[in-house]
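Only one structure is covered here, and it is reproduced in the block below.
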Amino acid sequence: MTTSFVKIKNAAKSFGNLQVLKDINLTVDRGQIVAIIGPSGSGKSTLLRAINELDPLTSGEVWLEGVQINRHLPPRQYEAHVNQVRQDIGMVFQHFNLFPHLTVRGNITLAPRMLKGLTEAQANALVEEQLTKVGLLEKIDEYPSRLSGGQKQRVAIARALAMKPKVMLFDEATSALDPELVEEVNMVMKQLADEHMTMIIVTHEMDFAASVCDRVLFMDQGVVVEEGPPSVIFQNPVEERTRNFLRKHL
Ligand code: ADP
Ligand code: MG
């Protein structure tokens with residue numbers, strides 16, 4: 001039986017008079033990998049940020065495993081709820097967002113220690129497990145400034161994974177990297193795919209999307225113009241807007 005694990009219903013978002021998301025619907029099953037592609041400014045980041053309440057929707061619903069994420073709650077309850085949501089949903093950004101004053105170990109253990117109350121020994125075991133996974137155990141005591149972009153992004157992924165999230169969101173995780181560093185990050189994402197992590201991946205890399213994703217959504221001007229399996233979206237899209245976009249990006 002497939003369960004819709006992440007569900008976004010009639011999502012709309014405005015910043016002042018600017019309507020950035022217009023009636024977006026999206027369901028992602030457990031273990032599915034969905035790519036979101038589309039021109040700059042089409043609302044991809046806003047949609048990802050709405051999923052974990054970084055940028056709450058103006059209207060519509062976001063659900064994870066049968067629980068509504070964007071609930072109206074009294075402030076104290078809302079804060080606890082959002083903390084839980086952020087534990088369940090890992091997010092990786094284009095610009096890594098590592099804490100520069102903390103070592104790799106500090107970056108990865110901060111949230112689990114604060115939010116899950118891990119002991120130092122438990123936190124150290126966790127950081128070693130996650131760094132081994134991304135192939136960076138030898139950098140455990142380095143500061144971010146001494147890492148390459150690809151290494152920083154792998155640490156950011158390890159940090160997100162340390163919370164044992166149910167879903168991972170990637171917002172152009174390789175866009176800021178020199179071309180030769182893209183592959184090491186893609187490899188880590190492929191490995192997560194092999195482990196059946198549920199993922200929503202905003203990307204400009206069509207080859208990568210085609211190779212790892214079950215479904216591709218093409219967004220333009222705040223709407224999902226077209227969605228389908230990579231073989232259809234990349235090779236035989238129906239919509240003219242999708243074709244135009246792909247002509248420029250394939
Ligand atoms: P994408 O990730 O597809 O490039 P974004 O979601 O970042 O698109 O942005 C969609 C639109 O929303 C853009 O026009 C952008 O300028 C606008 N936008 C994004 N964030 C904000 C904000 N915090 N305040 C005002 N406008 C914003
Ligand atoms: Mg963006």
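We count ligands from 1, going down the list as the structure has it; atoms in each ligand are counted the same way. Note that these values count all heavy atoms, side chains included, but never hydrogens, waters or copies made by symmetry. Every value quoted in this text rests on a predicted model; they were computed, and no experiment measured them.
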SB check Lys133 Glu128 (cutoff 4.0 Å):
no
Students often mix this up, so state it plainly: with edges at 30° and 60°, are the rings of His81 and Tyr78 parallel, tilted or perpendicular?
tilted
May I ask you to decide whether Glu65 forms a salt bridge with Arg30, counting only side-chain N to carboxylate O separations under 4.0 Å?
yes
Neighbouring residues of ligand 1, heavy-atom cut-off under 4.0 Å
Phe15, Leu18, Val20, Pro39, Ser40, Gly41, Ser42, Gly43, Lys44, Ser45, Thr46
On a heavy-atom basis, the closest approach of Met199 and Met189 is CE-O, 3.4 Å
Donor-acceptor pair, side chain of Lys44 and main chain of Gly38, under 3.5 angstrom:
yes
Phe245 and Phe218 aromatic ring geometry - parallel, tilted or perpendicular at 30°/60° bounds
tilted
At less than 2.8 Å, would any N/O/S atom of Ser45, backbone or side chain, sit next to the Mg ion (ligand 2)?
yes
